[in-house]
Structures are given as structure tokens and as C-alpha cells.
Amino acid sequence: MDCLHGYLTCCVRIPAHAHVQLSVIPVEMAILRKVGLIASFAILCTFLTVRGSEDKPCAARDLGIEGRSIVCVCNSTYCDTITRVNPARGTFVVYTSTNAGKRFEKSFGEIKTVSATEALNDPEDLKAIPEPEPVPEWPQNTVLDPPPTTEDDDDDEEEDERSAVGDLLSNVELRVYPSVRYQTIEGFGGSVTDAAALNWRNLSDAAQENFITSYFGSKGLEYNLIRVPIAGCDFSEYPYTYAETPLHDATLSNFSLSSHDFFLKLPMIKRAQRVATDEIKITASTWSPPVWMKTNDRITGFAQLRPQYYQAFADYHLRFIEEYDKVNVKIWAITTTNEPINGIVPFVQFNSLGWFPHQLGRWLADNLGPTIKNSRYNDTLIIAVDDQRYLLPVYLAGMELAAPESIDYMDGIAVHWYGNFFPPQILSAIQRRYPEKILLATEACEGSMPWNSERVVHGSWRRAGTYVKSILEDLNHHVVGWIDWNLALNPHGGPNWVDNFVDAPILVYADNDEFIKQPIFYAMGHFAKFIPRGSRRVRVEQNSLIGIENVVVRKTNGNLVIVLQNRRRRQMNVKINISASRYIEITMEPQSIKTVEVNP
Ligand SMILES: *[C@@H]1O[C@H](CO)[C@@H](O)[C@H](O)[C@H]1NC(C)=O
Ligand SMILES: *[C@@H]1O[C@H](CO)[C@@H](O)[C@H](O)[C@H]1NC(C)=O
Ligand SMILES: *[C@@H]1O[C@H](CO)[C@@H](O)[C@H](O)[C@H]1NC(C)=O
Ligand SMILES: *[C@@H]1O[C@H](CO)[C@@H](O)[C@H](O)[C@H]1NC(C)=O
Ligand SMILES: *[C@@H]1O[C@H](CO)[C@@H](O)[C@H](O)[C@H]1NC(C)=O
């Protein structure tokens, strides 16, 4: 009885949101009565407290702006944490974040089985559902977009939930085919720019530690990918490269890393590596070479590489890999220059180098490819293009035409998110054309578009929703990894030497020695935390009038991880068949993101 009393006490101590958790547990009331209500509750309480109490909740700050969600505040003494739970066999665990203020809230459930009688009465023999052929194609998983919402809108969607139409619009059915597998996941991460590191270094030691563990630690998002600029980019205090003088020295005799590497980027990378739960794979990209290699002798503007420096620029990449290796930071992949279109179009104001497709093909085939693959760093991946979706076909076709060998030297193709108004089917088409190459998403941020009146929007749930939509879309079109842009920025979205300010998942308030986690931080976490490297995406089919944004992967241990997003202002009921006779039921609150891990 003492023991039971203890359970009941712990039940009482569960914070208010526990009611919600309890209500989503699909408890078979008939069974409950047999076993005894109190005993069952006791077990549930143990589950909730023992499993749940490990986490520090979000220290929520309501900005008091209509239409905005909360942000979570961290400082030198406090920061929210999230631990992953291994669901027992036949059960699942759900992590929920909502516009209304939940952040990774845990709940639990059991897999249900279609009863024998039901199965018998069913005119269709459920067990006979054939596994479809692997068709790696859209629209197997198409979702109608909800009506567009602006940042502060407040429309009241008056819908009768009880009507037949309401039912049709609120109930979604998915069928998962765990044996139909697609790409293997590399991971998720963010970028160590000078701006990110400057902001991080502006915090006290203890707050810096909370920052690093929030992203990389076992109680954080467990990021396992990082992108780092080779020398400066726009998110630097000023432009710089590693071989500025002497001019026209093709031997790079004076190549040297900068103080930004030694005091900002490398320390941040090393702190991340120290707490990481898996190897952090680092992708590096050049924005602009030393200006003397360029046709316009400037860091920005319309310019290509001078042909006499094609080899020097390849060597520049190898020298960077060597210098980072000397301080024990291994480079996993390099891209063939950040956004090569920027040195061709007239309106870009920051560090760039233009490549026409045929030039990029020649340089990769004749210089960069052989230089890397004949070096002792021959296992470094070369990821080509590193630009927007719609440019991939143009670049790859031009490269292949000018220098077919360039395709052999390329291990993968990198894509940025600023062209995501073009359809993701482009990615699947690329994957079909180059099935041996990986697709890697290397840059994304909110607030960069000309129509974004505000660069940084505090507490924007809409921006979290856009991130989730974009990651789901990319994963469903064969992308293996997803790297966000700046790990942190200041409250204005900087520093940036050309004032190209944007939003970030973490904003640093140096004066208060605190940082805030935007909803975007949790959007990233719904994938990064729960989809480990080595997981395989599997096939999903929707069988309802309207869909729900989703992706399903299978971990190496056989568990299924399902990420779902409901961007509507209406609750959605989701039934997910994980086999012919077993299913789970999930209630999606309005404007919510859920990650479900199922142990089947
Ligand atoms: C850190 O944040 C916690 C929780 O919000 C707060 O109680 C504490 O006073 C803060 N500490 C400092 C040093 O500001
Ligand atoms: C070599 O580079 C450093 C900066 O890294 C610069 O201060 C120095 O002047 C350069 N040496 C020559 C000979 O250009
Ligand atoms: C890569 O280089 C190592 C030596 O550093 C060599 O043993 C290996 O065969 C090379 N691999 C390829 C694919 O060239
Ligand atoms: C660091 O904090 C100081 C104020 O404490 C501020 O003036 C400076 O701009 C901050 N640095 C960055 C990179 O935001
Ligand atoms: C899911 O299984 C149920 C039986 O439990 C069946 O009626 C339904 O059609 C299945 N849905 C899908 C999408 O396969």
C-alpha cells in the first residue's frame, strides 16, 4: 500500500499537462476494469514520472504578441532538455510540440491489433494486402496545403466536427510498408559560421555549455552534421580568405587559417564533438576564393575563376582539409563552391564565385576531382552544385555535357532551400538520373526572402511549420541529410557584413547572458533527435480525402519513427496501419508536430 501511495503522490505531482498525456494513451477500458483501475493508473504514473522527470521543461516566455507562439529561454543555470525513450515492444512513444506551447511533450500508447472476429467479418482479407512494388515516386505521399496563414492572422475556422464533412476532413489513414525501403539517412545539423560562433562566444562559459548540449548532447537535439564555410561568408564581420597575399601566388605558399578558425569556428566544433552522441560529419564550402584568382579582383559581383588558377583553387581546398586535419578536425565532404549562380546574377552583394555549368564540370573533372582523389584525403566526399533546386538539372546537364568524368568525381549533389517554390519532384528526378549519388540539403533559413518584411520573427510557429514541411518534402524525395544555416544569431539576425540578416533557431541575448530557442529549434529537433544515422526511409500511403504531412523511417533496430505535421487549425485523427493487422492511433492537435517512435 505504501508503494501505491507513492505512485498516487507522484501522480499528483505531475504537472497539469499530464492530463493531456493521460488522455491520449489509448487505454482499453474493458481491460482496465479487469486488471483494476488503480493498479493500471499506478503503472501509468510510473511510466510518466520515471520516464518524464528526466527532462527539464521549456522555460517559456510569452512575447505577448497576438499570433505568436512561446520561445524557450536558456541561461547559465537553466536550459530545457529532451531525452529519448525506448518504447517497449508493442508500444510507442510520442513527442509533441504545438503552437499552443507544448515542446517535446511525451506521451505513450500501445499498438492495437484488428480483432480476429473483425478481421474475419471484413470482406477484404486484410492479410492479403500486397506489398506494392518499390515505386520511389510522388504522389504516393501528397498532402494538400492548408490555406495560407500570415504571421499574425486570427481566422476562425468554423467547422462542424460532427458533420460527415467534418469527419472526412479530420480523419486521416496511413499505411506504412516497412519492407519497402529508400535512402539511408546521414543526419541533421546546422552551420558553424563566424556569426554563429561570435554569438555563442558572447555567452558565459556555463551558458555556452548549455547552448552546445542543446544542439549536440544526449539531452539535446543530437545533431550529427555541421557545415562550415571555408574562410568567410556574408555571416562574417568582414570578408577574408586564406591566401590573400602575396597576390597571384599559385603555389599558395602563404596559405593560413585565420583567427576566426582558431578562436571561433574550431573551438565551437570541438566543443560540439566533445558532447556529440555520434560522429559529427563536417561539410565545408567556399564562398569566394582569394580575389586575385577571380576575373573581377573583388570578393563579390560578377566573376568567374581565372583559368590559370583552376588548379590553385583545387589546391586551396586540399590545403584547407589538411589544416583542419592538423588540429584533428576531419572534413567529411566539400561542396564545389557555395551557390555558383551568385557570381553570375547581378543582385548578390556578398562573397561569391560564379560558375557556368560547363566551367564547373571542367574544373571538377580536371582539377578538384583528381586533386582530392589522389591525395591522402581521398575519402573526402565531393558534393556538387550546392545551389537551389531549380538549378540542379541545369548545372548537372551542363557539367555532364562539358566533362562527363566530372560526374564520376562527384559523390553527391547539394541543394539549398531558397528555391523551394519549385516542386520537390526535381529531387526525385535527379535521384533517378544519378542513383549512386547522395542528395544533401546544405542550407536553409527563414526571413531571407525579399517579401519577408521582418528578418527575425520571435516565436513564429509558421516558420517552424515551413521548416518541417520542407524537411519532410526533401526526405520524401531522397535527401539523406539536412543542414540548417547559422546555429545562432543575435536578435537582429546578424552579424552579417552586408546586412543580409535572417532568422535562426537560437537567438543570443549577450547582455542578459541568455539565449532563446525559437519554434524552429524544435522543428529541427523533431527529426534530428529521433532519426539516427543509418535509418532508412520506408514507404507510406495515404488513404483519405485529405492527407497529413508525414515521413516514416525504420531505425537499424527495427523501430519505426514517424514524423507528422498538422498545420491546420483543426484537430486531426490519424490512424496508421503498420502492418495488415496492427495499427496505432494518434491525435494531432491544431498546428502541431509529432514524432512517434513505434516498437512493432
Ligand atoms: C535562468 O533561468 C531560470 C529559469 O528561467 C531562472 O530561474 C534563473 O533565475 C535564471 N538565472 C539567471 C542567472 O538569470
Ligand atoms: C602571409 O599571410 C599573412 C596573413 O595570414 C600576412 O599577414 C602576411 O603579410 C603574408 N605574407 C606575405 C609574404 O604576403
Ligand atoms: C586512398 O588513399 C589511401 C592512402 O592514404 C590508399 O591506401 C587507398 O587505396 C586510397 N583509396 C583510393 C580509392 O584511391
Ligand atoms: C556581443 O555582445 C555585445 C554586448 O554585450 C554586443 O555589443 C555585440 O554586438 C555582441 N556580438 C555579437 C556578435 O552580436
Ligand atoms: C488499415 O487497416 C484497416 C483494418 O484495420 C483497414 O480497414 C484500412 O483500410 C487500412 N487502411 C489503409 C490505409 O490501408
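Atoms within each ligand, like the ligands themselves, are counted from 1 in listed order.
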Donor-acceptor side-chain pairing of [X] and [Y] below 3.5 angstrom:
| X | Y | answer |
| --- | --- | --- |
| Ser258 | Lys265 | no |
| Ser236 | Asp194 | yes |
| Glu54 | Thr83 | yes |

Mind checking whether Lys575 contacts ligand 5 via backbone (N, CA, C, O), side chain (CB onward), both or neither, at a 4.0 Å heavy-atom cut-off? side chain
Salt bridge (Lys or Arg N to Asp or Glu O under 4.0 Å) between Arg103 and Asp80, intermediate numbers included: CA-CA 9 Å; Arg103 295 293 180 264; Asp80 55 305; over 6 Å; no
Applying a 4.0 Å heavy-atom criterion (strictly less than), which segment of Ser256 is in contact with ligand 2: side chain, backbone, both, or neither? side chain
Kindly assign one of parallel, tilted or perpendicular to the pair Tyr309 and Trp292, based on the angle between their ring planes and the thresholds 30° and 60°. perpendicular
For the residue pair Tyr215 and Phe211, categorise the inter-ring angle as parallel (less than 30°), tilted (30 to 60°) or perpendicular (more than 60°). perpendicular
List, for ligand 1, each N/O atom that has a protein N/O partner under 3.5 Å away, with both atom names and the distance.
unit_1, atom_1, unit_2, atom_2, d
ligand 1, 2 (O), Asn75, ND2, 2.4
ligand 1, 11 (N), Asn75, ND2, 2.9
ligand 1, 11 (N), Thr77, OG1, 3.1
ligand 1, 14 (O), Asn75, ND2, 3.3

Which of the numbered atoms in ligand 5 are under 4.0 angstrom from any heavy atom belonging to Asn577? 1 (C), 2 (O), 3 (C), 8 (C), 10 (C), 11 (N), 12 (C), 14 (O)
Using a plain distance cutoff, I'd like to know if Glu173 has any nitrogen or oxygen under 3.5 Å from a nitrogen or oxygen of ligand 5. yes
Those residues that, when tested against Ser375, pass side-chain contact (heavy atoms from CB on, under 4.5 Å) (two or more places apart): Leu318, Tyr377
For residues Phe104 and Tyr95, establish whether the separation of their ring centroids is below 6.0 Å. no
